[in-house]
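A quick write-up on the structure given underneath.
Here, residue 1 is the first one in the sequence, and each next residue gets the next number.
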Amino acid sequence: MKNIYKSIFPMLCLAASVSLSSCIDETVPEDDYATTDQVGASSSALEASLNGIPTQMTEGYLVYKGEQVDETDMGYPQFMIALTEMLGDMYPGGEPGYDHYRAYNTLEGTVLSETSYFSYLPWFTLYQFVKTANDVIGAVDLESATDQQKGLLGSAYAARAFDYYMLMTLFEPVENKYTDCSKVLGLTVPIVTEETTGEIAKNNPRVSHEEMVKFILSDLDKAIGCLSVTDAKSRRLPGLAAAYAIRAKVHLWDKDYENAAKYARMAIDASGATPMSETEWTDPTTGFAKACPSWLWYINYSGESMRNLANFVGWMSPEAAWGYGELTMPCIDKSLYDKIGSKDFRKNVFINPGKFAYYDYKTSHDRDFVENAPDYMAVKFRCLNGNNSTYSIGGATDVPVLRVEEMYLIEAEAVGASKSVAEGVALLNDFMKSYRDPAYNYTGTDLRNFQIEVLTQMRIEFWGEGNAFASAKRLKPNVIQNYDGTNAPADPYKINCEGIKPNWTLCIPISEVNANRALNGYNNPNPSFAVEGPTPIGQFASGK
């Protein structure tokens, strides 16, 4: 493992000239997914094609068609890691040079420009997901579909809605003091559906926030209608509860707090799920490696087809001997760790400076592993069955996309914003005392402060999963990574930004701008060099 090539973020122009117009007409190999004719012929073929969605979501080197061009090309889990780094909630406690995701955290160099992997891969990963959903949606007429087909179509519509939600939150700009977004404020991304031709894609403008929200909600209306008839058989595909959950997330991003609260509660009720227990969180052989009842939608790695480096646990678990995690040793930001209550069991998946004097940590290694670990190192994500040596066994984990816990937190904030702070606080306290920290008791009365507290609990709950990012971008909470006692490992990480970090809005890749003339002059601003570390302690970086 120690001879892995050490790369400090290539700042390269991309040689590939892939665009959405080329992706639309691309032929998908028949041995991977069913053809459109086959899908339209039977429900079993439709199900087989639909299974391409969770398969793609864990596919290593998806965008580069199996070629090991960049190690962050790893389907959906790349977003879980990237968004946690964007928030400044994760640092390498080991060797920063192996942290390929640090571009999302540090803003150093030009690695977030329109010519970089870190704009290219998120964009084309999500649009490949969209294409797979489009292929399923385009194969069957909703009006004439059987009940079984409607259930499958419902999952495809929900998946596409989620993909566009992700695109919207990553590429829709918000005002900030570090980059000039004035020309593109209110714009999201181009909409590509099953009816979009290659010619349309060549002149397909970014749609407004309002139009995108309307489109996503239309997809979710169809999804909910279909899934109300026949729900998904497997949580590896989004079912009715997941569709409600996605809708709650969309309404929250749209600041429609009344509907966000409504659909969060509907997701909770439809799922019948209970939040993860302490045992499920901290089990050294199954913790966040085996799906729990609270997971509304999850994906799964197949030991037969997974790649040793392009898998989630290999990146996020320092116990895994086959990936970058044992080299980077991902750690939680100290200031976030300090906000976890002493009786909150979630604190026990991060190594306290007191080591075993604080907690009797259990890992798949010996005690020296913990004693020698950097302070605040995470052992949240475990190798399956404790197998830390064989990637095709220990890395064949389940990975959560949506958990019911998020709905409790969305409901609390949204009720506080749409009804009264007191009602929202009551919901937050009830969730925390019942499921996380019996000593928790928030008493604030100011809405803004309450929203920031809910965000803090989201950042703790979904550390390494990235689900708190959209709420942070919406609320602009300030990002403090340089403070007395920071565990940020190097100056580029030590940045303090007022409101948000400028890289919370990604650039559209240059290959897409060149291929789609409607995007000319309408790219998001390049955040490169907008902020350079270290920012003096107690100060925000100055704007440009």
Side-chain angles (χ1 to χ4, degrees), residues 6-9 71-72 77-109 111-112 118 312-320 323-340 346-353 355 369-370 372-381 455-456 458-469 472 477-497 500-504 527 531-537 541:
K6 187 172 183 178
S7 171
I8 308 287
F9 295 112
E71 302 299 355
T72 67
Q78 73 178 287
F79 300 107
M80 302 169 72
I81 303 169
L83 298 182
T84 306
E85 292 246 17
M86 278 188 183
L87 290 168
D89 289 345
M90 180 164 67
Y91 304 123
E95 301 183 44
Y98 288 108
D99 179 13
H100 293 226
Y101 284 91
R102 82 179 196 181
Y104 294 108
N105 199 331
T106 64
L107 290 163
E108 60 183 329
V111 291
L112 287 164
F118 303 101
F312 182 63
V313 170
W315 279 97
M316 291 300 293
S317 175
E319 297 178 68
Y324 287 98
E326 72 160 359
L327 301 174
T328 63
M329 300 181 182
C331 297
I332 189 172
D333 169 66
K334 178 185 181 297
S335 67
L336 183 59
Y337 175 87
D338 289 343
K339 291 181 173 71
I340 309 175
R346 297 176 301 180
K347 200 159 194 167
N348 299 332
V349 298
F350 305 103
I351 304 299
N352 184 276
K355 303 300 194 307
F369 175 76
V370 173
N372 296 325
D375 295 344
Y376 314 110
M377 185 184 79
V379 288
K380 176 178 175 179
F381 302 101
L455 173 62
T456 297
M458 289 189 75
R459 289 166 59 200
I460 295 166
E461 181 73 24
F462 297 102
W463 184 93
E465 299 171 70
N467 301 53
F469 170 76
N478 300 332
V479 183
I480 309 297
Q481 296 179 214
N482 198 22
Y483 51 87
D484 287 327
T486 183
N487 60 326
D491 284 350
Y493 292 89
K494 296 176 182 177
I495 53 179
N496 301 331
C497 296
I500 68 170
K501 292 161 73 173
N503 66 323
W504 285 9
V531 175
E532 296 183 50
T535 306
I537 292 174

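A donor-acceptor contact shorter than 3.5 Å is absent between the side chain of Thr328 and the backbone of Pro92. Between the side chain of Tyr483 and the backbone N or O of Ser335, at least one donor-acceptor pair lies under 3.5 Å. Judged purely by atom type and a 3.5 angstrom limit, Asp89 has no side-chain atom pairing as donor or acceptor with the backbone of Thr84. The closest donor-acceptor contact from the side chain of Asn482 to the backbone of Asn496 lies at 3.5 Å or more, if one exists at all. Listed for the Lys334 side chain is no donor-acceptor partner under 3.5 Å among the backbone atoms of Tyr376.
For the residue pair Asp99 and Tyr91, no side-chain donor N or O sits within less than 3.5 Å of a side-chain acceptor on the partner.
Two residues are said to be in side-chain contact when any heavy atoms from C-beta on lie closer than 4.5 Å; Ile460 and Leu336 meet this criterion. Taking 4.5 Å as the limit, some side-chain heavy atom of Phe369 sits within range of a side-chain heavy atom of Pro318. Residues Leu83 and Glu465 fail the side-chain proximity criterion, which asks for heavy atoms closer than 4.5 Å. Contact of the Met316 side chain with the Ile81 side chain is registered, since non-hydrogen atoms from C-beta on lie closer than 4.5 Å. Using a 4.5 Å heavy-atom cutoff, the side chains of Tyr493 and Pro96 are in contact.
Between the CD atom in Gln78 and the CD atom in Glu71 there is a gap of 12.5 Å [rounded to 0.5 Å]. Once rounded to the nearest 0.5 Å, the distance linking CG of Asp375 with OH of Tyr337 reads 9.0 Å. The CD1 atom of Ile480 sits 10.5 Å away from the CG atom of Asp333 when rounded to the nearest 0.5 Å. Annotation: the span from Lys494 atom NZ to Thr106 atom OG1 amounts to 13.5 Å, rounded to 0.5 Å. Here the CD1 atom belonging to Ile351 is positioned 5.0 Å from the CE atom belonging to Met377, to the nearest 0.5 angstrom. In this structure, Met80 CE and Phe469 CZ are separated by 15.0 Å, a value rounded to the nearest 0.5 Å.
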Test Ile500 against Val479 for side-chain contact (heavy atoms from CB on, under 4.5 Å), laying out the working first.
-> CA-CA 6 Å; Ile500 68 170; Val479 183; 5.6 Å; no
Taking it one step at a time, do Val111 and Tyr104 satisfy side-chain contact (heavy atoms from CB on, under 4.5 Å)?
-> CA-CA 9 Å; Val111 291; Tyr104 294 108; over 6 Å; no
Verify side-chain contact (heavy atoms from CB on, under 4.5 Å) between Val313 and Glu319, making sure each step is shown before the conclusion.
-> CA-CA 9 Å; Val313 170; Glu319 297 178 68; over 6 Å; no
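Salt-bridge formation is not detected for the pair Arg102/Glu85: no Lys NZ or Arg NE/NH1/NH2 atom is positioned less than 4.0 Å from an Asp or Glu carboxylate oxygen.
Aromatic ring pairs are classed by plane angle as parallel below 30°, tilted from 30° to 60° and perpendicular above 60°; the pair Tyr98 and Tyr324 is tilted.
No cation-pi contact links Lys380 to Phe350, judged by a cut-off of 6.0 Å to the six-membered ring centre and 45° from its axis.
The only member of Asp491, Ile495, Thr486 that meets side chain to side chain contact (heavy atoms under 4.5 Å, CB included) when paired with Pro534 is Asp491.
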